[in-house]
Amino acid sequence: NYNDGTSIPNVTDETTWTELSTGAMCNYENMPSFSAIYGKIYNWYAVNTGKLCPAGWHVATDEEWTTLTNYLGGTEVAGAKLKETDTTHWAKPNSGATNETGFTALPAGARSEFGTFISIHLDGTWWTATESDKGTPWFRYMFFDYCTVLRNYGYGKRSGLSVRCVKD
């Protein structure tokens, strides 16, 4: 549910997902057992409501992600400090992972604009609450074989990614 109690539609059908222009969420591969570990995947329309996180919290902005990665020593090393250690959830080698922040970033994968599920165990991707000047939202991602946190705006709003909530 959104923080106002409104239900977030759980969209399982691939075609329906590709046609959305309103908020939605899903479980990876439509399997609730994945969400127990990795959390839900949300399209950007759900993020853009401003009601996705619990009251008193908000989806991290592009600027807040930049502040975090700078604080951790830069984008080149921040991923290692945020990622869960070992290879229980991450594919090998899970390069440099120390989780010294306690964030325990997990590779939840994503759902493409076309409704297909991609990249579980390989990468973790988080929406920001900030739209780029290209009309697509900024996001951050981490890979199993790099120590970095990368920034991009290539996913369309119908894509499904994880979110990071920050206290107001």
Side-chain angles (χ1 to χ4, degrees), residues 3 23 25-29 34-113 116-168:
N3 62 24
M25 61 92 178
C26 65
N27 301 302
Y28 191 89
E29 294 288 344
F34 278 103
S35 290
I37 297 168
Y38 301 102
K40 303 285 186 194
I41 297 172
Y42 302 91
N43 68 14
W44 198 75
Y45 299 112
V47 171
N48 198 38
T49 64
K51 302 184 290 184
L52 188 55
C53 295
W57 295 73
H58 63 275
V59 174
T61 64
D62 184 56
E63 183 178 332
E64 287 168 326
W65 270 100
T66 299
T67 298
L68 175 63
T69 56
N70 288 344
Y71 175 79
L72 295 175
T75 57
E76 299 79 20
V77 297
K81 296 177 181 183
L82 292 164
K83 291 191 303 180
E84 175 193 53
T85 59
D86 73 47
T87 54
T88 302
H89 300 105
W90 286 92
K92 291 180 181 181
N94 196 15
S95 296
T98 65
N99 195 30
E100 60 190 82
T101 62
F103 183 72
T104 316
L106 293 173
R111 190 170 193 179
S112 77
E113 292 181 271
T116 55
F117 294 96
I118 54 174
S119 301
I120 195 153
H121 306 297
L122 301 176
D123 65 62
T125 312
W126 293 263
W127 285 123
T128 76
T130 309
E131 201 167 347
S132 75
D133 61 0
K134 305 290 186 207
T136 55
W138 288 106
F139 62 90
R140 295 299 193 285
Y141 58 108
M142 299 171 218
F143 288 109
F144 73 101
D145 55 349
Y146 292 98
C147 296
T148 56
V149 174
L150 299 169
R151 175 183 184 246
N152 206 329
Y153 58 84
Y155 279 118
K157 295 175 181 178
R158 289 185 177 107
S159 299
L161 309 178
S162 299
V163 296
R164 171 182 163 236
C165 295
V166 176
K167 194 167 179 62
D168 293 343

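From a predicted model like this one, the values you see are computed outputs, not experimental measurements.
Side-chain atoms of Thr128 and Asp62 include no donor-acceptor pair closer than 3.5 Å. Residues Glu63 and Thr61 have side chains that never bring a donor and an acceptor to within less than 3.5 angstrom of each other. A donor atom on one side chain and an acceptor atom on the other are found under 3.5 Å apart for Thr66 and Arg140.
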Stepwise side chain to side chain contact (heavy atoms under 4.5 Å, CB included) check, Asn43 with Lys157: CA-CA 6 Å; Asn43 68 14; Lys157 295 175 181 178; over 6 Å; no

Going through the distances and angles, do Val149 and Leu82 end up as a side chain to side chain contact (heavy atoms under 4.5 Å, CB included)? CA-CA 9 Å; Val149 174; Leu82 292 164; 3.9 Å; yes

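Formation of a donor-acceptor pair under 3.5 Å by the Lys81 side chain with backbone atoms of Cys147 is not found in this model. When atom types are taken as modelled, the side chain of Asp123 and the backbone of Met142 share no donor-acceptor pair closer than 3.5 angstrom. A donor-acceptor contact shorter than 3.5 Å links the side chain of Asn94 to the backbone of Asp86. Not one N or O on the side chain of Lys83 forms a donor-acceptor pair closer than 3.5 Å with the backbone of Pro107. In this structure, Lys92 contributes its side chain and Phe144 its backbone to no donor-acceptor pair below 3.5 Å.
Residues passing the side chain to side chain donor-acceptor pair (under 3.5 Å) test with Thr104, sequence neighbours excluded: Asn99.
Tested against Trp138, the residues Trp127, Tyr153, Trp126 include a single ring pair (Phe, Tyr, Trp, His ring centres under 6.0 Å) partner, Tyr153.
In this structure, Arg158 is not positioned above the aromatic face of Trp44 in the sense of NZ or CZ being under 6.0 Å from the six-membered ring centre and within 45° of the axis. In this structure, Arg151 forms no cation-pi arrangement with Trp65, as its terminal cationic atom is not both closer than 6.0 Å to the ring centre and no more than 45° off the ring axis.
In terms of heavy atoms, Ala60 sits closest to Val166 at CB-CG2, 3.6 Å.
Among residues at least two apart or in separate chains, ring-ring contact (aromatic ring centres under 6.0 Å, His included) pairs with a member in residues 73-113 are Tyr38-His89.
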